[in-house]
Structures are given as C-alpha cells and as structure tokens.
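Here the structure comes first, spelled out in structure tokens, and everything after it is commentary.
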Number of protein chains: 2
Amino acid sequence: MKPETRQQEIIRVAAKLFKEKGYSAVTMRDLATAMDIKAASLYNHINSKQDILESIIISIAEQFTEGMSSVRESNATCIEKLKEIIALHVEVSSTNIYGMAALNHDWMHLEARLNYYKKLRSDYENDFRNILIEGIKAGEISDIKPDVMMFSILTTLRSLYLWIPKKEAIHLNELTNDLNEILIKGVIKQI
Amino acid sequence: MKPETRQQEIIRVAAKLFKEKGYSAVTMRDLATAMDIKAASLYNHINSKQDILESIIISIAEQFTEGMSSVRESNATCIEKLKEIIALHVEVSSTNIYGMAALNHDWMHLEARLNYYKKLRSDYENDFRNILIEGIKAGEISDIKPDVMMFSILTTLRSLYLWIPKKEAIHLNELTNDLNEILIKGVIKQI
DNA sequence: ACACTAAACTAACACTTGTTAGTTTGCTTG
DNA sequence: CAAGCAAACTAACAAGTGTTAGTTTAGTGT
C-alpha cells in the first residue's frame with residue numbers, strides 16, 4: 001500500500017470539508033487551514049478548486065458505473081441483481097463516506113465535466129430501471145411503476161453515506177442484510 | 001386567498017434558486033436579477049440572506065413537527081401511522097418543492113436557529129422510531145433494527161421533493177399509494 | 001395640489017474570494 | 001559541499017460578497 005500523495009491528502013481533506021458545509025461554502029483558506037498550510041501552498045499540488053471537486057465526483061461516479069456493468073452482465077435473477085446493487089452501494093459509500101456528499105449535493109457545480117457526469121448517472125439509472133422491468137416481466141417483483149420503485153430504493157442507497165458510521169466490515173455486512181430485507185420485503189411482518 | 005406579499009415572493013424565488021445551486025452559491029445579486037430588481041432593493045423587504053434561509057427551513061420543519069404530533073396522538077395501528085407519515089411527507093413536499101432542498105441540504109448554514117432546527121428534527125425522529133418500536137412489539141412489523149428501518153423509509157420520504165413533478169392531486173394520491181406498497185410491503189411479489 | 005408611502009434606485013463600504021508570481025526553506029542525492 | 005527539488009512561504013491581484021445610506025419614482029388618499 002503506497003502512502004498517500006500530498007495531492008490525495010488535500011483531496012481527501014477537501015471532501016471532508018465539502019461534506020460538512022458544501023462545496024461553495026468551503027474556501028481555499030478553510031482547506032488550507034485544515035491542512036495546516038497557507039492557501040497559496042495548495043496550488044503546488046492542485047490546479048484549482050474546481051479540479052478537486054471533479055476528482056472527487058468523477059472517481060466515485062465511475063466506480064458506480066463499473067459496478068453496475070458487472071451487475072448488468074451477470075445472469076442472476078432480478079432479486080439477486082437488486083441485492084448486488086445494494087452491496088455495491090454499501091461498498092462504494094463506505095469507502096467514500098465524505099465524497100458521497102459532494103456526489104449527491106455538489107454535482108451541479110461541475111463545469112467542464114458536468115455533462116459527462118450526467119451521462120454516467122442517467123446510464124446508471126437506465127440499467128437499474130431495466131433490471132426492475134425485467135423483474136416485473138418475470139413475475140419476480142410487484143407490478144408497480146418501475147420509476148417509483150427505483151426512486152424509492154435509489155434514494156435510500158444514495159443516502160447511505162449519512163448513515164454508515166465508522167463500522168467494521170462485519171457491521172457493514174449486517175447493514176447490507178438489513179437493507180436487503182427492508183428494501184425487498186418491506187417492513188411489514190410476513191405471515 | 002390573499003395575494004402574496006413582495007417579501008413572500010422574494011422568499012419563494014430564493015427557495016427556487018437555493019434548490020438549483022445551494023444556499024451558499026446563490027448571491028443576493030442572483031436573487032435580485034431573478035426578481036428583476038437591484039440587490040440593494042431586496043433589503044426593503046427582507047433583513048438578510050440568513051433570514052430568508054431561516055424562514056424557509058423553520059416554516060417547513062414546523063409543518064413536519066405539527067403533522068407528526070397528529071400522528072403520534074392518533075390511536076391507529078403502527079402500519080396506519082406509517083401510512084399517515086407517508087401522506088404527511090407527500091403533502092408537505094408537494095407544497096414546498098423548492099424549500100425542501102434547503103431543508104435537506106442547507107440546514108447547516110442556519111446560525112441563530114440552528115439548535116432549534118436540530119431539536120425539531122431529533123424530536124421528529126424519536127417519534128418516528130417509537131412508532132416502529134411499538135409496531136415491532138405488537139408484532140405488526142418485522143423485527144429488524146428500528147433505526148435501519150427508519151433510515152430507509154425516511155431518506156426516501158426526504159427525497160420526495162426531487163421526484164414529485166408538478167402533478168395534480170390525483171397523481172399525488174397515486175404516488176402515495178405506490179409508496180405505501182413499496183415502503184411497507186417491499187418490491188418482492190407476494191405469493 | 002398636497003403629503004404620505006411602498007418600492008425602486010445609485011453609490012459606496014469593508015471584507016472575502018480564487019488565484020498568480022516570485023521567494024525561501026530544508027531535505028536528498030551526487 | 002553543491003545542486004536539485006518538493007513544498008512551503010509572503011504579497012498581491014481583480015473580482016465578487018452582503019449590506020448600508022441616502023435619493024428618486026410613482027401611485028394613493030385627503
């Protein structure tokens with residue numbers, strides 16, 4: 001495991017600040033203070049504030065895209081695919097607790113790569129929707145509007161970063177199992 | 001129905017801008033431009049940018065608090081109470097589509113009323129959790145960690161503002177019904 | 001015609017913003 | 001010891017920030 005470069009350290013600390021106050025409210029002087037240096041010194045390692053946001057968001061978005069392409073190409077049942085998606089979100093969210101906040105709330109401040117981000121996101125949602133549509137056809141899942149189902153599951157998964165404390169892997173597995181139960185079977189007691 | 005005051009109009013337009021870019025990224029000059037006046041003129045109607053944020057957030061938070069106190073005091077079953085909470089969120093979200101974004105993402109920029117907001121929110125969550133705990137005791141709902149259930153349902157409900165388009169009441173009822181199904185019974189097809 | 005008032009305006013303020021230029025510091029390597 | 005280099009520094013910039021003070025405008029009721 002190579003040690004973190006100074007640049008990676010800055011990006012990591014920035015993500016943490018972005019989570020607390022949002023991209024726009026964090027100044028380069030805030031970031032510098034958190035790094036215990038002066039603002040101008042940051043520019044020895046990064047190109048701009050924008051660039052920091054881009055690295056954070058695009059890197060995570062691509063992890064989701066990659067994960068979804070695995071799920072898409074597996075030939076599991078729809079329910080199993082849903083479980084894989086849930087596991088994907090727990091995995092990516094737990095390894096990017098801070099970055100997920102920027103992904104969810106600050107993507108609109110992307111400039112050069114805004115359209116790229118939007119494409120990744122809409123492709124992801126299309127894949128997700130198609131899985132649900134297949135599941136309905138196959139009689140595996142309820143015949144409710146796929147968009148509403150997707151919205152419901154996806155917003156829960158997208159908010160995981162708020163919820164996942166610093167848990168060890170074992171607790172993350174528990175969380176994954178609980179989410180599988182709740183999102184798939186609901187909260188009502190089965191008879 | 002009284003016509004909107006100029007102040008209310010400014011707050012409404014501000015909420016819309018806050019939804020698009022977040023509180024910190026919206027300048028008083030942005031807001032003035034959207035109102036088709038100069039920035040200084042805004043101050044004939046409002047005290048500060050902060051005050052605008054406060055009105056938006058606190059007003060909505062209090063609607064939720066009020067709604068929850070109705071639910072808490074009804075003597076319905078747990079599942080029925082859950083349905084009432086879902087209806088509450090659809091109602092409040094659909095009448096505050098723009099303000100909900102500030103509530104969810106910009107509450108940390110509250111200053112004087114930050115602690116008041118936090119108290120309202122944690123009281124709300126406690127009421128919610130207690131309903132789930134009662135439901136588990138009564139054997140109505142699954143014996144999964146109440147916090148995970150609450151998180152799952154609440155994050156979906158809190159994101160409704162992203163989802164609710166300008167639908168008429170009839171479509172909102174459909175949405176409410178679909179959410180009832182999904183959040184309570186899950187997506188799996190019942191046998 | 002008059003005073004009153006709501007709501008706009010212009011001009012300016014003190015401060016903060018992201019960023020650049022040029023310089024210094026202190027470690028590592030030949 | 002000398003050279004090279006990564007990474008810090010100071011100083012400054014132009015533009016943008018929320019907000020205030022004082023003034024003008026246009027419409028209303030007496």
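Note on naming: letters A, B, ... go to the chains in the order of the sequence lines (proteins, then strands), and numbering restarts at 1 for each one. In this text, all values refer to a predicted model and were calculated from it rather than measured experimentally.
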Inset, instruction - Give A:Thr27 one of three labels, base, sugar-phosphate or nothing, depending on what nucleic acid heavy atoms sit under 4.0 Å from its own. - result: sugar-phosphate
May I have the distance from [X] (atom [atom1]) to [N] (atom [atom2]), rounded to whole angstrom?
X: A:Met28; N: D:dA14; atom1: CE; atom2: C1'; answer: 17 Å
X: A:Met35; N: D:dA8; atom1: CE; atom2: P; answer: 7 Å
X: B:Leu42; N: C:dA6; atom1: CG; atom2: P; answer: 18 Å
X: B:Ile46; N: C:dA6; atom1: CD1; atom2: P; answer: 17 Å
X: A:Asp51; N: C:dT19; atom1: CG; atom2: P; answer: 9 Å
X: A:Tyr43; N: D:dA7; atom1: OH; atom2: P; answer: 17 Å
X: A:Lys38; N: D:dA7; atom1: NZ; atom2: P; answer: 19 Å
X: B:Ile10; N: C:dA6; atom1: CD1; atom2: P; answer: 15 Å

Salt-bridge contact [X]-[Y] (side-chain N to carboxylate O under 4.0 Å):
X: B:Glu84; Y: B:Lys81; result: no
X: A:Arg72; Y: A:Glu134; result: no
X: B:Arg6; Y: B:Glu9; result: yes

Judged by nearest nucleotide, the residue sitting upstream toward the 5' end of DNA chain D, A:Arg29 or A:Asp36, is A:Asp36
Rounded to the nearest 0.5 Å, the CE atom of A:Met150 sits from the CH2 atom of B:Trp163 at a distance of 6.0 Å
Separation between CD1 (A:Ile85) and CD1 (A:Ile153), nearest 0.5 Å, reads 8.0 Å
Tell me whether the side-chain N/O atoms of [X] come closer than 4.0 Å to OP1 or OP2 in [N].
X: A:Lys49; N: C:dG18; answer: yes
X: B:Ser41; N: C:dC9; answer: yes
X: B:His45; N: C:dA6; answer: no

For this session: Spell out yes or no: do the side chain of B:Asn44 and the base of C:dA6 have one donor N/O and one acceptor N/O closer than 3.5 Å?
Result: no
A:Ala40 has its side chain closest, among D:dG18, C:dT10, D:dA11, to D:dA11
